[in-house]
Structure formats: structure tokens, C-alpha cells
Amino acid sequence: MTTPKRDTASNDSLIAAARRARLNAYAPYSKFRVGAAVLSADGQVFTGANVENASYGLSHCAERVAIHQAVAAGHRNLRTVAVVADGEEATMPCGACRQVMAEFGIRKVIVATPKGRTRTRTLKQLLAEPFLPERLLGFPKGGRRS
Ligand code: THU
């Protein structure tokens, strides 16, 4: 069963990248540090951390920072996101981040604690019926995002 082993190995390296990214979180207000790493369809990894602001509503979640890094580097088709957040229990992404994941084709979400407690979900489980760009742009599901 080579495929699951390879999958596990890439999951582990994605979690490790998210764990490292968490160290750069700027979270002086919530003190809740989050790191994220996203894998693009062509195998590249982009990372992000949450970035807060004294005007609280301007804060950015780690997942969206990582995803938008990938998009700003030209990647439109993304696959998996790993998130490492403070706490004893693995934290599931907020609703806004789930919607952003749907925009760029994320299928798998791995969440972990700093101590290594890990849970995996499909995006479908987390966001059963997303609002998708196809609705506005007319291209077929899974089609090119330019
Ligand atoms: N946060 C994330 O980075 N990702 C989530 O999915 C949920 C919340 C951040 C935003 C804010 O900086 C802090 O956690 C507390 O809400």
C-alpha cells in the first residue's frame, strides 16, 4: 500500500511546515497562535500565520494568509491545508477560511495541536454546500481558475 504511506509522509511534512509557521504568529491580543501550510496541486508548499491588529477586525487567520500566499505566487489549484493551533484539542478552521479553501479547490484539512494531536477532515465535511466561483464565472467544476 504505497499510496497511503506517501500520503502520510506528505501530511507529516505539511504539519511540520505549519508548526514552524506558527512560531511567526503575531497574536498579542488573543495570544492564540496559529500556523498553516497549504499544498498546491503541483506539489509546492506555502505557509502563513495569524496576524492580528489593534483594530481587531483587521486580523487575518493563518489559513487565509497561507492560501493567499499561494494564490499571490500564481497557484490557483490547491489540495491540502494543515493547521497547527495552540491548545490541547485540535482546532477546526473558522467558517470564513472554509469558504476561502473552497474557492481554490482544497480537499483535505489536517488540524494538529503543538503536541501532535492530529485530526483529518475533508473540506466537504467541514463545508457541505459551498458557494463556488463556478456560480459566477460559469466554468465547469474543477476548471481553470485564472
Ligand atoms: N484564527 C486562525 O488563525 N485560524 C482559525 O481558523 C481561527 C482563528 C486566529 C485569528 C485570531 O488571530 C486568533 O486565532 C483568535 O481568533
Side-chain angles (χ1 to χ4, degrees), residues 4 6-137 139 141-146:
R6 236 195 336 263
D7 196 41
T8 304
S10 64
N11 288 353
D12 286 348
S13 62
L14 211 56
I15 293 167
R19 184 187 306 280
R20 285 193 297 274
R22 175 179 153 275
L23 301 177
N24 287 328
Y26 176 71
Y29 309 106
S30 71
K31 309 217 183 309
F32 187 71
R33 291 183 300 168
V34 188
V38 63
L39 179 70
S40 70
D42 63 0
Q44 292 195 51
V45 174
F46 296 85
T47 60
N50 55 330
V51 181
E52 298 184 346
N53 193 280
S55 178
Y56 295 170
L58 300 182
S59 300
H60 290 283
C61 290
E63 296 92 320
R64 272 178 285 163
V65 172
I67 290 167
H68 290 166
Q69 286 274 17
V71 174
H75 298 268
R76 301 288 185 268
N77 293 306
L78 309 179
R79 288 291 173 264
T80 304
V81 64
V83 186
V84 175
D86 286 345
E88 295 296 315
E89 297 293 327
T91 300
M92 289 294 164
C94 78
C97 289
R98 296 177 196 200
Q99 176 64 29
V100 171
M101 290 174 196
E103 179 84 15
F104 297 107
I106 298 274
R107 293 172 190 170
K108 189 160 80 175
V109 180
I110 304 162
V111 295
T113 66
K115 286 184 183 162
R117 192 169 184 166
T118 302
R119 289 195 286 164
T120 301
R121 298 284 184 271
T122 62
L123 184 60
K124 192 89 186 154
Q125 287 175 308
L126 300 182
L127 188 66
E129 297 188 62
F131 180 70
L132 292 172
E134 290 78 14
R135 177 64 60 190
L136 300 176
L137 300 177
F139 53 74
K141 194 169 189 296
R144 187 169 169 275
R145 295 170 172 83
S146 55

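These values consider heavy atoms only, across backbone and side chains, with no hydrogens, waters or symmetry-generated copies. Each ligand, and each atom within it, is numbered from 1 in the order the structure gives.
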When you measure from atom 16 (O) of ligand 1 to the protein, is at least one non-hydrogen atom found at a distance under 4.0 Å?
no

Give a yes or no answer on whether the side chain of Glu103 reaches the backbone of Pro133 with a donor-acceptor pair at less than 3.5 Å.
no

Return yes if some donor-acceptor pair links the side-chain N/O of Arg98 with the main-chain N/O of Leu123 below 3.5 Å, else return no.
no

What protein heavy atom sits nearest atom 3 (O) of ligand 1, and how far off is it?
Ala62 N, 2.9 Å

Those atoms of ligand 1 less than 4.0 Å from some heavy atom in Ser30:
13 (C), 15 (C)

Would you mind checking which non-hydrogen protein atom is closest to atom 10 (C) of ligand 1, with the distance to 0.1 Å?
Cys61 SG, 4.0 Å

Among protein heavy atoms, which lies nearest atom 9 (C) of ligand 1, and at what distance?
Asn50 ND2, 3.6 Å

I need the Ser40 OG to Ile67 CD1 distance, nearest 0.5 Å.
12.0 Å

On a heavy-atom basis, which atom in Pro93 and which in Cys97 lie closest, and how many Å separate them?
CB-CB, 4.3 Å

Does Cys94 come within less than 4.0 Å of ligand 1, judged by its heavy atoms?
yes

Non-hydrogen atoms of Ser59 versus ligand 1: any pair closer than 4.0 Å?
no

With a 4.0 Å heavy-atom cut-off (strictly under), which part of Glu63 contacts ligand 1: side chain, backbone, both or neither?
side chain

Just jot down the ligand 1 atoms closer than 4.0 angstrom to any heavy atom of Phe32, in number order.
14 (O)

